[in-house]
Amino acid sequence: MVFDAHRHLGVLPAHPFYGGPPVRPDVTARATVDQLLEDLYVEGTERALVLPNYGVPDPAVAFGFNELCLEAAARDERVRCGLWVSPRPQDAERTAAALALAGERGVRALKLSFLLGGRPTDPACRPALDRIFAVARAHDLVVHVHTSPGAASDIDEVGHLVEWYGDETAVHLVHFGGGMSGHIKLAGSRFFDWIAAGKRVYTDLSWAIGFAPRWLASEIEHRGVGHDRVLFASDEPWGDFTGERARLGAAVGDGELARLIFRDTFEKLYG
């Protein structure tokens, strides 16, 4: 069985990324719950955490998919959902509306990304971050955070969220730092230092560079910790389920670590 701890729902409008013509690169994006459930059946995915799709520079689009993700979680008990929230002051009203839904059936996460603006160390964002993490703590939700370098959410910035809030709230660092620098900082020490310090930190290896899953698995074996802090994630439609599953499976084998990554840690965190 495979449990997917990170995939998206909703079809984005075409957008002229990087100065080119309007395009829709997320070609497998799904617009309906029925299409999502069909994908899970075809893949053999038994459980999934579903998050609003995002990527175009308009936060209203991502906020608009919260209801669709709630519908998915209400329709099928195999599905859990995350709600899109934002620390930007200009998104305060929409974030408040999203946080008001935190107690709804199937909600297990709050999704936070700085790719659409803001950064953890911006003083203007701190009040909203405090509110987001307070709601997560009150409802025992995970805060699901994008970490890709090259944008405002590099692991050095996002790492502050683990330091500030990770004692009481689970923080899921998406993409294991998102690139070479993030992988090395996390696997080299920081991820394990946080665990040793009692931080409730988790990660997935979607989008990870080829060496990272093997190295992280080796470090987990060597250090004897972290085996219960890693989850499988496809990041569909931005990732590739088949490729991510094969790559991570090759790195961790088919023993206890694989069982935790592909199933049991999801059940603990999102079930």
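Remember, it's a predicted structure, so these values are computed and weren't measured experimentally.
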If I take atom [atom1] from residue [X] and atom [atom2] from residue [Y], how far apart are they, to the nearest 0.5 angstrom?
X	Y	atom1	atom2	value
Asn53	Leu9	CG	CG	8.0 Å
His227	Ile220	NE2	CD1	8.5 Å
Gln90	Thr95	CD	OG1	10.0 Å
Leu36	Thr32	CG	OG1	8.0 Å
Phe114	Asp122	CZ	CG	9.0 Å
Glu46	Tyr41	CD	OH	11.0 Å

Item to complete: Decide side chain to side chain contact (heavy atoms under 4.5 Å, CB included) for Cys125 and Arg119; before the verdict, give the C-alpha distance in whole Å, the side-chain angles of both, and the deciding distance to 0.1 Å.
Response: CA-CA 7 Å; Cys125 291; Arg119 68 181 190 279; 6.0 Å; no
Output yes when [X] and [Y] qualify as a salt bridge under the 4.0 Å nitrogen-oxygen rule, no when they do not.
X	Y	value
Asp130	Arg126	yes
Asp34	Arg75	yes
Asp228	Lys268	yes
Asp167	Lys199	yes
Lys185	Asp156	yes

So does [Y] get a backbone contact from the side chain of [X], meaning a donor-acceptor N/O pair under 3.5 Å?
X	Y	result
Arg259	Asp254	no
Glu236	Phe241	yes
Asp4	Ala48	no
Asp235	Trp238	no
Arg263	Met1	no
Arg245	Asp240	no
Thr45	Val2	no

Practice prompt. Check the pair Glu168 / Arg200 against side chain to side chain contact (heavy atoms under 4.5 Å, CB included), numbers first and verdict last.
Written response: CA-CA 7 Å; Glu168 298 181 318; Arg200 298 181 62 195; 6.0 Å; no
So do the side chains of [X] and [Y] get within less than 4.5 Å of each other, counting heavy atoms only?
X	Y	result
Arg47	Phe266	yes
Leu99	Val85	yes
Val230	Leu260	no
Leu186	Phe192	no
Pro213	Phe176	no
Arg30	Val11	no
Val107	Leu101	no
Asp26	Arg24	yes

Discussion item. Going by side-chain contact (heavy atoms from CB on, under 4.5 Å), His144 matches just one of Leu49, Leu112, Leu110. Which one?
Written reply: Leu49
Shared hydrophobic cluster for [X] and [Y] (ILVMFWY, side-chain gaps under 4.5 Å):
X	Y	answer
Val158	Val143	yes
Val162	Val145	yes
Val142	Leu161	no
Val50	Leu70	no
Leu129	Trp194	yes

Minimum heavy-atom distance [X]-[Y], with the two atoms named:
X	Y	value
Arg7	Ser234	CB-OG, 3.8 Å
Leu231	Asp204	O-CB, 3.2 Å
Ile195	Gly226	CD1-CA, 3.8 Å
Tyr270	Ala5	CE1-CB, 4.1 Å
Arg108	Leu269	NH2-O, 3.1 Å
Phe3	Phe232	O-CD2, 3.5 Å

Practice prompt. Show your working on side chain to side chain contact (heavy atoms under 4.5 Å, CB included) between Leu37 and Asp76 and close with a plain yes or no.
Written response: CA-CA 8 Å; Leu37 297 178; Asp76 195 303; 3.8 Å; yes
Practice prompt. Go through the structure and list residues passing side-chain hydrogen bond (donor to acceptor under 3.5 Å, both in side chains) with Ser86, not counting sequence neighbours.
Written response: Asp91
Fill in: Lys NZ or Arg CZ of Arg229 over Tyr202 ring: under 6.0 Å, within 45°
yes
Fill in: Close aromatic pair by centroid cut-off 6.0 Å: Tyr54 and His8
yes
Practice prompt. Show your working on side-chain hydrogen bond (donor to acceptor under 3.5 Å, both in side chains) between His175 and Ser206 and close with a plain yes or no.
Written response: CA-CA 5 Å; His175 306 318; Ser206 58; 2.9 Å; yes
Item to complete: Report yes or no: do Ser181 and His183 form a side-chain donor-acceptor pair below 3.5 Å?
Response: no
Fill in: Plane angle bin for Trp215 and Phe211 - parallel if under 30°, tilted between 30 and 60°, otherwise perpendicular
tilted
Fill in: Glu221 atom CD, over 12 foreign heavy atoms within 6.0 Å
no
Worksheet item: Considering residues at least two apart in sequence or located in another chain, which fulfil the salt bridge (charged side-chain N to carboxylate O under 4.0 Å, His left out) criterion with Glu104?
Response: none
Please tabulate, for side-chain N and O atoms in residues 55-69, each donor-acceptor pair with protein atoms closer than 3.5 Å (sequence neighbours left out).
| unit_1 | atom_1 | unit_2 | atom_2 | d |
| --- | --- | --- | --- | --- |
| Asp58 | OD1 | Ala60 | N | 3.1 |
| Asn66 | OD1 | Trp84 | N | 2.7 |
| Asn66 | ND2 | Trp84 | O | 3.3 |

Worksheet item: Would Leu173 and Val201 count as a side chain to side chain contact (heavy atoms under 4.5 Å, CB included) if you check the C-alpha gap in whole Å, the side-chain angles of each, and the deciding distance to 0.1 Å?
Response: CA-CA 7 Å; Leu173 299 175; Val201 61; 3.7 Å; yes
